[in-house]
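The next block holds one structure in the form of structure tokens; read it before the comments.
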Amino acid sequence: MGRRSGTHNVMGAVGMVAAMELAAEDRSSFAARVATERNAFERAMTEAGAVITAAGVDRLPQHSHFRMPGQVSETMLMKLDSIGLSASAGSACQSGAITPSHVTKAMGWSDDAAAESVRITFGWTTEPSDGLTAAAAVIEAGRA
């Protein structure tokens with residue numbers, strides 16, 4: 001009859017609904033909290049000479065994509081990884097690729113500029129001052 005026997009995962013469904021309700025209740029405060037840290041991060045990075053991608057336009061509050069002119073992102077990522085700060089080169093949709101991101105290329109960036117780009121994401125565990133702490137780590141990695 002086109003049906004399959006088995007027991008529905010009712011507890012799993014109820015748990016999923018509860019988790020989604022909690023996330024929805026916290027969405028506004030989460031967005032405000034991570035935007036504050038992202039903005040502090042970007043101010044510090046701009047002062048250090050970074051170019052912030054899409055600065056001043058509406059975008060997701062937890063993401064920062066930037067480039068440090070003269071700093072190859074892969075080298076910086078290895079230094080950041082060694083101190084426990086996770087980041088990625090290029091755009092989110094190009095994560096793990098070894099060629100320049102088609103997104104940065106579509107923005108008109110050269111291969112060299114695309115190779116300098118880094119993405120940092122702030123999340124649920126982000127604490128006050130994490131933006132400045134992350135900026136200090138990235139700036140130091142760029143100097144080392």
Side-chain angles (χ1 to χ4, degrees), residues 4 6-144:
R4 193 173 150 197
T7 304
H8 294 286
N9 183 2
V10 176
M11 294 306 288
V14 170
M16 173 68 90
V17 169
M20 293 170 76
E21 287 173 344
L22 289 171
E25 289 172 13
D26 189 44
R27 184 176 26 219
S28 294
S29 63
F30 167 76
R33 183 169 48 86
V34 295
T36 297
E37 294 308 310
R38 181 206 61 200
N39 294 341
F41 172 82
E42 290 182 350
R43 277 191 301 277
M45 293 302 298
T46 299
E47 289 173 10
V51 177
I52 307 299
T53 309
V57 300
D58 286 338
R59 56 198 164 113
L60 292 173
Q62 68 267 31
H63 297 291
S64 181
H65 187 268
F66 61 95
R67 68 184 193 88
M68 296 283 290
Q71 299 295 320
V72 177
S73 59
E74 292 302 326
T75 304
M76 184 177 296
L77 292 176
M78 286 188 284
K79 293 175 185 174
L80 292 173
D81 186 55
S82 73
I83 61 169
L85 182 66
S86 297
S88 181
S91 60
C93 57
Q94 191 74 6
S95 182
I98 58 172
T99 58
S101 163
H102 69 278
V103 174
T104 54
K105 297 296 288 177
M107 292 169 31
W109 288 15
S110 68
D111 286 351
D112 289 341
E116 297 167 342
S117 66
V118 176
R119 179 175 40 89
I120 298 273
T121 304
F122 298 92
W124 294 105
T125 60
T126 298
E127 298 288 334
S129 80
D130 280 354
L132 293 177
T133 301
V138 173
I139 292 165
E140 182 60 32
R143 287 188 193 134

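When a residue number appears, it is its place in the shown sequence, counting from 1. Computed from a predicted model, the values in this text were never measured in an experiment.
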**OP:** Name all pairs fulfilling the side-chain hydrogen bond (donor to acceptor under 3.5 Å, both in side chains) condition that reach into residues 121-130, sequence neighbours left out, sorted by first residue then second.
**Re:**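 Of all non-adjacent pairs touching residues 121-130, those that pass side-chain hydrogen bond (donor to acceptor under 3.5 Å, both in side chains) are H63-T121.
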Where [X] and [Y] come nearest, the two heavy atoms and their spacing:
X    : Y    : value
A87  : I120 : CB-CD1, 3.6 Å
T104 : S117 : CG2-OG, 4.5 Å
E74  : A89  : OE2-CB, 3.4 Å

Original post:
What residue pairs, at least two apart or across chains, pass salt bridge (Lys or Arg N to Asp or Glu O under 4.0 Å) with a residue in residues 103-112?
Top reply: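 As it turns out, the salt bridge (Lys or Arg N to Asp or Glu O under 4.0 Å) pairs with a partner in residues 103-112, which skip direct neighbours, are K105-D111.
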Could you measure the distance from the [atom1] atom of [X] to the [atom2] atom of [Y]? Nearest 0.5 Å is fine.
X    : Y   : atom1 : atom2 : answer
R33  : S28 : CZ    : OG    : 12.5 Å
L60  : R38 : CG    : CZ    : 8.5 Å
D81  : S86 : CG    : OG    : 6.5 Å
R119 : H65 : CZ    : NE2   : 7.5 Å
E116 : T75 : CD    : OG1   : 11.0 Å

Subject >> Derivation and outcome, side-chain contact (heavy atoms from CB on, under 4.5 Å), residues M76 and V138 >> reply: CA-CA 8 Å; M76 184 177 296; V138 173; 3.7 Å; yes
**OP:** Would you mind reporting whether E37 and V34 have side-chain heavy atoms less than 4.5 Å apart?
**Re:**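 Not touching, per the 4.5 Å side-chain cut-off.
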Give every donor-acceptor pair under 3.5 Å between a side-chain atom in residues 39-52 and any protein atom, sequence neighbours left out.
from, atom 1, to, atom 2, distance (Å)
N39, ND2, A35, O, 3.1
E42, OE1, R59, NH2, 2.6
E42, OE2, R59, NH1, 3.0
E42, OE2, R59, NH2, 3.2
E42, OE2, S64, OG, 2.8
T46, OG1, E42, O, 2.8

**OP:** Evaluate whether atom CE of M107 has more than 12 neighbouring non-hydrogen atoms of other residues, nucleotides or ligands under 6.0 angstrom away.
**Re:** yes
